[in-house]
Amino acid sequence: MWIERALSGRILAVSRQFPALVLTGARQTGKTALLGNLFPKAAFVPLDLPSNAEEAEQEPERFLARHPEPLLLDEVQYAPALFRHLKVSIDRDRHRMGRFLMTGSQKFPLMQPLSESLAGRCAILELDTLSSREILDAPEAEDKTLSRILWRGGFPELYRNPDLDTRVFYSSYLATYLERDVRSALRVGSLRDFERFVRSCALRSGQLLNLTDLARDVGVAGATARDWLSVLQASNLIVLLEPYFSNLGKRMIKTPKLYFGDTGLLCFLLGLDSAESMERSMFIGAIWETFVLAQMLRAKSAANSAAAIFFWRDAHGTEVDFVIEHQGRIRLVEAKWVETAPASKTLAPLAKVAQVAGRRAAAEHWIACRTPRSYLISKDPLVRLIDAFRFEGWFQPGR
């Protein structure tokens with residue numbers, strides 16, 4: 001079963017504008033499958049196979065000569081020395097586009113040689129797990145209820161193979177991530193401590209980042225916690241959302257908020273063994289907020305939007321989950337696990353921040369929830385309930 005990806009159009013467009021393209025993202029997001037589907041005539045070479053990586057590193061000219069273009073190089077971070085030879089090859093025929101297609105799951109060892117050798121010659125795109133829209137459109141997805149999607153998550157293999165046990169998948173995923181990315185590439189001393197660190201981060205998804213607390217809970221130094229957090233961020237497992245800053249906000253909180261990139265992995269780390277247990281858990285609000293941010297980021301990426309996403313929190317305690325800034329205007333978004341209009345007190349922070357924003361405030365603001373349809377619930381400010389199951393169009397021009 002093939003699942004159409006919203007990023008496909010951007011990938012094809014970019015491949016016509018650059019000689020090389022790198023598709024990054026967490027493991028198992030479908031990078032290799034997507035490029036293989038979009039470029040079926042490309043020669044495929046997996047560089048996570050040690051013999052291929054060794055040849056690409058030790059004999060790069062011979063390696064490139066014996067593989068025809070277009071060439072799809074999978075997990076290219078395993079052969080960083082190849083980048084400068086790709087530069088030479090590209091510069092021989094600078095205006096021929098779409099010659100080298102690459103995937104990479106480890107941004108930490110990938111980006112430095114890439115930026116040094118292929119600056120201006122290579123486009124970099126990032127593939128996340130499936131959006132809710134992509135799951136809904138999947139022809140044979142087993143259960144498309146919202147709760148099930150939140151709990152199961154967006155990794156494509158879980159929908160290509162509906163019989164796959166979710167807990168077995170995530171247990172194997174975490175073990176592979178720890179062994180291949182953390183131990184081999186990053187030389188983290190204690191995988192047990194690192195796994196505890198990952199689970200401690202899961203408990204804090206949707207919260208302000210507090211490195212001191214994280215370090216204390218795991219029993220590591222603050223500098224170690226900071227390094228490990230950068231590992232999770234570079235692995236695309238977490239997102240650090242920055243607070244909104246402008247002359248609108250005086251005494252704004254400066255600490256970022258931590259979110260997981262996929263709610264399925266988050267639920268696994270929280271020990272939630274079913275969609276029903278997730279709904280009953282104390283974490284449901286944080287899981288929903290995590291889901292809303294993830295869907296916004298996927299829709300923004302697919303639309304190639306210049307919009308930026310922040311959160312609002314000031315020293316007086318006024319907080320709004322998300323601020324979308326675009327073309328000088330800001331739209332406020334609250335994430336609520338409700339199906340109908342929430343309590344009126346929910347609107348108070350929106351009204352307060354919209355008033356502070358003045359002319360920079362968008363025409364209407366949104367509450368992302370489980371409503372079956374979108375409708376206005378307030379006129380001052382103008383607030384609309386939005387079906388957070390379908391985010392496409394949020395970042396299109398004119399929205």
Run the salt bridge (Lys or Arg N to Asp or Glu O under 4.0 Å) test on Glu325 and Arg360 for me, step by step, so that the C-alpha distance in whole Å, both residues' side-chain angles and the decisive distance to 0.1 Å come before the verdict. CA-CA 9 Å; Glu325 183 178 45; Arg360 294 188 63 181; 3.0 Å; yes
Would you check if the side chain of [X] reaches a backbone N or O of [Y] as a donor-acceptor pair within less than 3.5 Å?
{"X": "Trp288", "Y": "Ala368", "value": "yes"}
{"X": "Arg167", "Y": "Phe268", "value": "no"}
{"X": "Arg96", "Y": "Pro19", "value": "no"}
{"X": "Tyr170", "Y": "Arg152", "value": "yes"}
{"X": "Lys300", "Y": "Ala307", "value": "yes"}

Is [Y] reachable from [X] through a run of hydrophobic residues whose side-chain heavy atoms are each under 4.5 Å from the next?
{"X": "Leu209", "Y": "Leu203", "result": "yes"}
{"X": "Leu101", "Y": "Leu64", "result": "no"}
{"X": "Val76", "Y": "Val14", "result": "no"}
{"X": "Leu34", "Y": "Phe18", "result": "yes"}
{"X": "Leu232", "Y": "Leu211", "result": "yes"}

Dump the intermediate steps for salt bridge (Lys or Arg N to Asp or Glu O under 4.0 Å) on Arg66 and Glu55, then the final yes or no. CA-CA 11 Å; Arg66 76 183 191 88; Glu55 182 186 7; 2.8 Å; yes
Stepwise side chain to side chain contact (heavy atoms under 4.5 Å, CB included) check, Leu23 with Glu126: CA-CA 6 Å; Leu23 188 62; Glu126 191 167 299; over 6 Å; no
Does any part of the side chain of [Y], heavy atoms only, come nearer than 4.5 Å to the side chain of [X], both counted from C-beta?
{"X": "Ile386", "Y": "Cys369", "answer": "no"}
{"X": "Val239", "Y": "Gln233", "answer": "no"}
{"X": "His85", "Y": "Glu61", "answer": "yes"}
{"X": "Val292", "Y": "Asp321", "answer": "no"}
{"X": "Tyr173", "Y": "Leu178", "answer": "no"}
{"X": "Leu127", "Y": "Ile11", "answer": "no"}
{"X": "Arg94", "Y": "Arg121", "answer": "yes"}
{"X": "Arg199", "Y": "Leu174", "answer": "yes"}

Listed by chain and number, what are the salt bridge (Lys or Arg N to Asp or Glu O under 4.0 Å) partners of Arg329, not counting sequence neighbours?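 Once residues adjacent in sequence are excluded, Arg329 has no partner under the salt bridge (Lys or Arg N to Asp or Glu O under 4.0 Å) criterion.
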How would you list, by chain and number, every residue that makes a ring-ring contact (aromatic ring centres under 6.0 Å, His included) with His67, sequence neighbours excluded?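 Only Phe63 meet the ring-ring contact (aromatic ring centres under 6.0 Å, His included) criterion with His67.
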Listed by chain and number, what are the ring-ring contact (aromatic ring centres under 6.0 Å, His included) partners of Phe169, not counting sequence neighbours?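 Here the qualifying residues are Phe155.
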For the residue pair [Y] / [X], report whether a side-chain donor-acceptor contact shorter than 3.5 Å exists.
{"X": "Thr371", "Y": "Glu339", "answer": "no"}
{"X": "Asp262", "Y": "Thr129", "answer": "yes"}
{"X": "Ser200", "Y": "Asp217", "answer": "no"}
{"X": "Arg99", "Y": "Ser89", "answer": "yes"}
{"X": "Tyr259", "Y": "Glu289", "answer": "yes"}
{"X": "Thr318", "Y": "Lys352", "answer": "yes"}

More than 12 heavy atoms of other residues, nucleotides or ligands under 6.0 Å from [atom1] of [X]: yes or no?
{"X": "Gln17", "atom1": "CD", "answer": "yes"}
{"X": "Gln355", "atom1": "CD", "answer": "no"}
{"X": "Glu54", "atom1": "CD", "answer": "no"}
{"X": "Arg192", "atom1": "CZ", "answer": "no"}

Arg196 to Phe194 six-membered ring, cation-pi geometry met (6.0 Å, 45°):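 Because its charged atom misses either the 6.0 Å distance or the 45° angle limit, Arg196 does not stack over Phe194.
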Atom pair [atom1]/[atom2] of [X] and [Y] - distance to nearest 0.5 Å:
{"X": "Glu276", "Y": "Ser281", "atom1": "CD", "atom2": "OG", "result": "12.0 Å"}
{"X": "Leu72", "Y": "Phe39", "atom1": "CG", "atom2": "CZ", "result": "9.0 Å"}
{"X": "Ile367", "Y": "Leu347", "atom1": "CD1", "atom2": "CG", "result": "5.0 Å"}

Start with the C-alpha gap between Phe283 and Thr290, add the side-chain angles, then the distance that decides, and say whether side chain to side chain contact (heavy atoms under 4.5 Å, CB included) holds. CA-CA 11 Å; Phe283 302 111; Thr290 299; over 6 Å; no
Ion pair present between Arg298 and Glu134, side-chain N to carboxylate O less than 4.0 angstrom?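 A salt bridge is absent here (no side-chain N lies under 4.0 Å from a carboxylate O).
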Evaluate the side-chain hydrogen bond (donor to acceptor under 3.5 Å, both in side chains) criterion for residues Gln295 and Ser131: first the C-alpha distance (whole Å), next the side-chain angles of each, then the deciding distance (0.1 Å), finally the verdict. CA-CA 6 Å; Gln295 302 311 307; Ser131 70; 4.6 Å; no
Working note: Glu334 + Leu350, criterion side chain to side chain contact (heavy atoms under 4.5 Å, CB included); need CA distance, chi angles, decisive distance, verdict. CA-CA 8 Å; Glu334 280 283 283; Leu350 297 176; 3.8 Å; yes
Could you walk me through whether Val22 and Leu125 pass the side chain to side chain contact (heavy atoms under 4.5 Å, CB included) test, one step at a time? CA-CA 6 Å; Val22 172; Leu125 296 178; over 6 Å; no
